[in-house]
Structure formats: C-alpha cells, structure tokens
Amino acid sequence: MQTFSPRRSLACMLALSLVASGCAGSEPRRSDADTGSIEGAIQHPAHIIPAMHICAIGSGQPAARVCVTTRNDQATYRIDGLAADDYIVIASARGSLYSAGGHVQPVQCIRAPCPEMPATVTVAAGAHVANVDVNRFYEKREDFPAMPPE
C-alpha cells in the first residue's frame, strides 16, 4: 500500500498540467516536413575550389539566414532547415581573389556593363530545390548583403 506524499502529488500534478497544456510557452518544433532545402554546384573559377561560407538569406523581416561551410575542393553544397520563403544564395570564398559569389542571373539594363544580380529561389514548406548553383564569383560585390558570421 502506498502512502500519501504531498511532494509526489505536487510533482504529478505539475507534470500532468504541462502535458495537458502542450508545454505552454515553449516554441513549436518544426518537423522535417515543415522545412525545405536548397542545393547546387559550386562553380568557382579557381583550379581548386576554396572552402566557403554559403548562406541562404530569406526575404522576410527579420531575414532568416541559414548557412553552411564547405571544405576545399567541395564541388556541391546543401542548406537544410529552411522555412517557406524566398531566398537569395550568396557565398564567401576563403583565401581567393574571387571571394564574393552567389547564385546570380543576368539582368537587362540600358547601360552596359550590367552586373548580374542574385536570383530569388522560392522554397515551399518541405520542398527541396535543386540546381541552385553558386555560379559567379567576383573580387568584391558591395551590393551583396553582408555575410553572417561563421
């Protein structure tokens, strides 16, 4: 026969109330089905592809910034855990003359030369977007967003 314990009874009531409330106040967890990913090739002009910091920067406010780090001679990348949003993908290559890069597209303009601009990639909830190549690198691009720290 069990004896009554006020301490055990209080602990049980607290545990039951947290379970019943869904642990009120905690952040909802995103499942893998809720998040998407972006992947592509790295097309750096150097003979050996340098290590990089590659980031998907969302259009929301505040802008989500999800990054990965690659190693020397890694020809592909993948960024997981992206919420549904529109993203641009930019890269910072370490130790290379061509250190600023991104997934860019040509634009039409009245005066040449017309710089290529970051292409927007739409990621739906749970979607995987392939062929988002980091396809151009520059000595510097002051019009690219600032890279988040590694």
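Just so it is clear, the model here is predicted, and its values are computed rather than measured.
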Seminar exercise, completed: Here the disulfide bond (SG atoms under 2.5 Å apart) pairs for residues 88-134, sequence neighbours left out, are C109-C114
Problem set entry | disulfide bond (SG atoms under 2.5 Å apart) contacts touching residues 42-75 (sequence neighbours left out) | C55-C67
Exercise. Can you list the other members of the hydrophobic cluster that holds I110, where links are side-chain heavy atoms under 4.5 angstrom apart?
Worked result: none
Problem set entry | ILVMFWY clustering at 4.5 Å (side-chain atoms), partners of I48 | none
Side chain to side chain contact (heavy atoms under 4.5 Å, CB included) against [X], all qualifying residues, sequence neighbours excluded:
X: R136; result: V104, E116, Y138
X: A41; result: Q43, D133
X: R78; result: S37, E39, D80, H128
X: A51; result: N72, R94

Search all heavy atoms of [X] against all heavy atoms of [Y] and return the closest pair with its distance.
X: P118; Y: F144; result: CG-CE1, 3.9 Å
X: N131; Y: H103; result: O-CE1, 4.2 Å
X: I57; Y: A146; result: CD1-O, 4.4 Å
X: A93; Y: P50; result: CB-CG, 3.7 Å

Seminar exercise, completed: The reported gap from OG in S92 to CZ in R141 (rounded to nearest 0.5 angstrom) is 14.5 Å
Exercise. CD1 of I49 to CD of Q74: how many Å apart, nearest 0.5 Å?
Worked result: 8.5 Å
Exercise. Taking only residues two or more places apart in sequence or in another chain, which ones pass salt bridge (Lys or Arg N to Asp or Glu O under 4.0 Å) with E142?
Worked result: K140
Is any side-chain heavy atom of [X] less than 4.5 Å from a side-chain heavy atom of [Y]?
X: V121; Y: I88; answer: no
X: V134; Y: I54; answer: yes
X: Y87; Y: L82; answer: yes
X: D85; Y: V123; answer: no

Problem set entry | Donor-acceptor contact present, side-chain T70 to main-chain M52, <3.5 Å | yes
Exercise. Restricting to pairs with a member in residues 38-66, which pass ring-ring contact (aromatic ring centres under 6.0 Å, His included), not counting sequence neighbours?
Worked result: H44-F137
For this session: Tell me, with the steps shown, if V89 and I38 meet side chain to side chain contact (heavy atoms under 4.5 Å, CB included).
Result: CA-CA 9 Å; V89 177; I38 293 174; 4.2 Å; yes
Problem set entry | Residues that T120 engages under side-chain hydrogen bond (donor to acceptor under 3.5 Å, both in side chains), provided they are two or more places apart | none
Seminar exercise, completed: Sequence neighbours excluded, the answer for side-chain hydrogen bond (donor to acceptor under 3.5 Å, both in side chains) partners of T122 is D86
